[in-house]
Every structure is written in structure tokens, then in C-alpha cells.
Amino acid sequence: MKKTTKPLMNFPSRKPLAKAVSLFSAVGLSALLSSGLQAQQVADQVAPEAASQRSENRAHIAKDFIVAAANPYAVEAGYQVLKEGGSAIDAMVTVQTVLGLTEPQSSGLGGGAFMLYYDAKKRQLTTFDGRETAPLAATPELFQDKDGKPLKFFDAVVGGRSVGTPGTVKLMSDTHQRFGKLDWARLLQPAKQLAEDGFIVSPRLAGAITKDQDRLSRYPDTRDYFFTADGKPLPEGYRLTNKDYAETLGLLAKEGAEAFYHGKIGQELVRKVQGITDNPGLLTENDLKSYRIKERPAVCAPYRSYDVCGMGPPSSGALTVGQILGIVASFDLKSLGADNPKSWQIIGDASRLAFADRGRYMADTDYVPMPQGLLDAGYLKQRAELIQPGKPLDTVEAGEPAWSQPIALADDISLELPSTSHLVIVDREGNIVSMTTTIENGFGSRVMSGGFLLNNELTDFSFASHKNGFPIANRLEPGKRPRSSMAPTLVMKDGKPYLAIGSPGGSRIIGYVASALIAHLDWGMSLQDAISKPHLINRFGTFDLEAGTSAEKLKAPLEVMGYKVSVRDLNSGLHGVLFKDGKLIGAADPRREGIVLGD
Ligand code: GLY
């Protein structure tokens, strides 16, 4: 049952984009010569998760514990867990299950996640890979038509075909068994209660439903959930109940993750995926039964006097962020300053070089070999020597990092679009969770089961398996995990946690995280300002500048340099916590609905 009522939950007050933090002073055009740069961008012509109006959030300072995430209901529920003495992992379980209800377009039980976990007592950082896997019956041709041509993106996304084996429930359960303090059922209770009583549809969710209404109305269960009885997209302020989700959480509370991977929830999910008549998927109960969380060592890269640590393959996040920072380390960005187009040309070209390596080499290393030298200081110095301040690179190609057994690979042509959510939690003992969680595209595959949306993570694989006769590292293979850009990060200083951060945003995640780190570490911005500052992102040649912000002032100088420039929404969702002088300073991205709470 659904009914409309007055909002119960306050979303951060909204202000127009023009009020956004102003980063750039007026920029001179002088002395910048056109270089005849060839734009190389290959991706992202399709609308991402809908943008919502910008709302200025403030940093929140705490002493004992803190939680920063993308939705006020989720943050409030996680805060209560921490207040009750729960661990960071306990709070993560609660935050994730509430996000799956109140921010269903971005992450949930039907998706996957990467989590960094810092164990305060052991002073140890580890990472957990809860990434979806390709069904064992899948072949590299899954996203090709009968002539071997790649499918159109949304023909691949919408339906059962794109659904990988979800990992989020097992990630929550496995880590709760190791690091949890409070009872599992108690942790699921806030989301269950909210699903039964109803939650208020936020402005962002309402906007996303309206934008996606054609695709959301394709399958009856999804349509029934996201539309009113008279067929209208759910409006902002609507109180939405989710009986199926409450039942799913009830089963999980009683039977644990078994109910998902060996029981009723999984059986129903598989039936749904296989039963989609216009675009069925290959997922089986066996895929669920054989799913495993992988604990992997963190990938760390030095930057200035810090170590920037994150998630290694199958994510390209830490390696690509680490390469960008390792390349810009050769330049004095501090002196150049945040409002200098040369700074952004250096960062932009460093990013293009790193993305070229990412496209060639980075994928699930349990399936494909990868060069060992991607983060070697000497290699990154060589890459930095390619960059000439003031003159963008004409062409960008993958480099030749050290590799003990090199194989010839073709560059990747996979298309990633942003949805996703990032959360940071610190508990009273100082344990830290930095987790990026996703169902891939906004609303994932648009297939619902058990009150939650199923992912379309398999479209993060390259649709083509070979190019010019050479294999693509991120080709689809049975059981393999698609390459991700998610970059949950923990910056260490002198062996101690300094800053936990991450963002949604598809392959732009990498630029959002890298430039927030540069803004804070080089330009001395507060964490909130580093998160709020206007975005300038370059992955494949085109410079994306955040519309409606002072980043637009750099359009002319970057064009004069020779870049192709696109002014557009840049829809990050950075959340972070800084550890400073015994305080926990949390910050939330003003572009989304997130908040920070802590004591
Ligand atoms: N699906 C978004 C990512 O994994 O990067």
C-alpha cells in the first residue's frame, strides 16, 4: 500500500547551482596557444543517474564516531547504531540496507560493493571485494548481436541479461561475522521498519524516476513500485512502503545470508532474471551458491608525504587514482594554484595517460595477467615527462610499465555510466569503513525481485572481446568480475589514517577522488571545500567542466590550449572523513542528499 503524506525526513535545504562554492578567480587567456589537440573521448553520451539540485552541506565535526552517506534516513539509522555501541561494520549493514530502500537507484541488496576496512587495534588496512560475478554460463558474446556487433547500451542493460551475481549481502554478512558487535537482526530492523511504515520519496529519487520512466515502466513489478496507482511517476514527498523489501529483510534477519545465496530470496531472484521474456539472463542458483567475497591487500600509492590506499583489481580505482597522483607529483601544483588552467591541463593530461593504461591493462587479475609496474615511481616519472605545462598532449597511448610476462592486449571499449553511492563510517574504537556500493546504472537492470532492484554490473565488461585480433583484458568470461572504477580510499600519514573518501560517478569517480585529494593536500582546501569545489574532469581527451559553477571560467582558456570542452552536470557524491587533531571532520557532497552525523 502506498499513500501520500507530508514529509517526515528533512532533506538538506536546496539552493541553486549559482550559489556553489566559487573556486576560480578570473582567468586570463593570454599566451595560451592552440595545440591542435585531437579529442579522444570515447564514452558517455547517455544520460547518467539524474542530477538533483545542489544543496550546500556543512562539515560535521565529531570526536567519538561519525557516519557520512548519501541519504539522511541511512545516516540517521547508522548514527543510532554507532551511538548504541555498534561497530563500523554494524553501522555499514544498517546504512546499506536503508540506502537500498531510500536510494534504491544507486545501490542495494541486488548489487555489489568494494569496502576498505581499517582495524584500529591491529592498525591494519584490508579490502573486501563484493563485486558481482559473470554467470558461469555467460560467454564473451553476451553483449553482441548475431553478427558479433556490440549491442546498444540500454538494449544490454534493461532486463535479465546484464545481471551479475550480487555480492553486497555476502559482504555485509561475512564482515559482520568477523567484526560485528550488535545482533544481525537488530541491524536490519531500521530498514525493515521503514519499509513497513513508509519513507518519504526524496527530491533526487523523484527526479530520477521521472527521467527514467520509460525504462522503469517496462516490467510490471518495477512499474507498480515506482509509479502511483494512476500511472504517474512517484512525486517528491510521497510516502512509499515496500512490503516485499520488509519480507526480504525479515528472511535475512532470521536465516542470514543463506536465505539469499542458498534460499528463497535467491531462488526468486534467479526465477526473475531467467523469466524476463524480452531480455532474459543467465544467472543460476549455482552462481549464487558459489559466490565468494574476496579479501585482497590494499593498493597504496605514495603522494607527497601521504600514502593513498584503495581497492585493487577488479577495480581500476586505486591504480588509476594512484597513477594520476604519481604523475602530477612531478609538478608544483601548489605554486600553480587551483585557479590556473595550467594546473588543470597537467591534471587532465595525467588523467588521460592513466586512463590509457587503465583501458589497456586493468581488469580482474584472477582472470587476466597485469603489469606489475603500473605504480612504479620511475615509470610514472617517465609518463610525467610527456606532459608539457601549457600544451596539452596531442595523442595519448598506454605506456609500457614493467611486466615480467607481457602479453599483447587491445584497448578496452567498455562504457560505464554512473549510479552508485559512497559511505564512510568510523566507530568509537577508531575502526573505519570506506565503501563504494552500486547496482551500476541508475536503477540497475530495472528488474526488481524481493523489493530491491537487480544490478546491471555485467555491462561494465567490454562488449567486444577482441580488437584487431588482440584480446581485451576486460572481456567477459564466466565467473569473472567486471572492471570497476570505484575508488573507496583511505589516505595514510605516518602509518595512521588521515582521510577516508570516495564517490559515485562511473569512470569519473577516479577524477572526483583524485582532484578532491589534490584540492585538500596541495591547495589546502578544507575537506568540505575540496568536495564542494567545481569539477573539471578529463578521461579521454574532452575536458568536462561542471555546469553552473565557476569551472565554466576555464572553458575559454582550455579551448585556447586546444582541448575540446563539454560543460555539463558532473554528478559526484563524495563523502569523506578527515582525522585531525583528535577530531573526526566529516563532509558530504552538496550535489546529492547526503549528510554527516556523529558525536
Ligand atoms: N559500475 C560502476 C563501477 O563499478 O565503476
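One-based numbering, in listed order, for ligands and for the atoms of each. The figures that follow rest on heavy atoms only: side chains count, while hydrogens, waters and symmetry mates do not. As the structure is a computational prediction, the values presented were derived from the model and not from experiment.
Qualifying side chain to side chain contact (heavy atoms under 4.5 Å, CB included) partners for S566, counting only residues two or more places apart in sequence or in other chains: T542, D544, R568. Residues passing the side chain to side chain contact (heavy atoms under 4.5 Å, CB included) test with S503, sequence neighbours excluded: Y512, V513, S572, L574.
Atoms of ligand 1 lying under 4.0 Å from at least one heavy atom of D460, given by number and element, are 1 (N), 2 (C), 3 (C), 4 (O). Listed by number with element, the atoms of ligand 1 under 4.0 angstrom from any heavy atom of E457 are 1 (N), 2 (C), 4 (O). Atoms of ligand 1 found under 4.0 Å from any heavy atom of M486 (numbered from 1 in listed order, with element): 3 (C), 4 (O), 5 (O). Shown in contact with S485 at under 4.0 Å from a heavy atom are these atoms of ligand 1, numbered in order with element: 3 (C), 4 (O), 5 (O).
Annotation: H520 is not in aromatic contact with Y306 [ring centroid separation under 6.0 Å not met]. Ring to ring, F179 and Y117 are close: their centroids are under 6.0 angstrom apart.
Using a 4.0 Å cut-off between heavy atoms, R131 contacts ligand 1 through its side chain alone, with no backbone atom that close.
R358 and S316 are linked by a side-chain donor-acceptor pair at a separation below 3.5 angstrom, with hydrogens and angles left out of the test. Side-chain polar atoms of H575 and S434 form no donor-acceptor pair below 3.5 angstrom.
For a threshold of 3.5 Å applied to N or O pairs, the pair formed by T420 and ligand 1 contains no separation below that value. The shortest N/O to N/O separation between R483 and ligand 1 does not fall below 3.5 Å.
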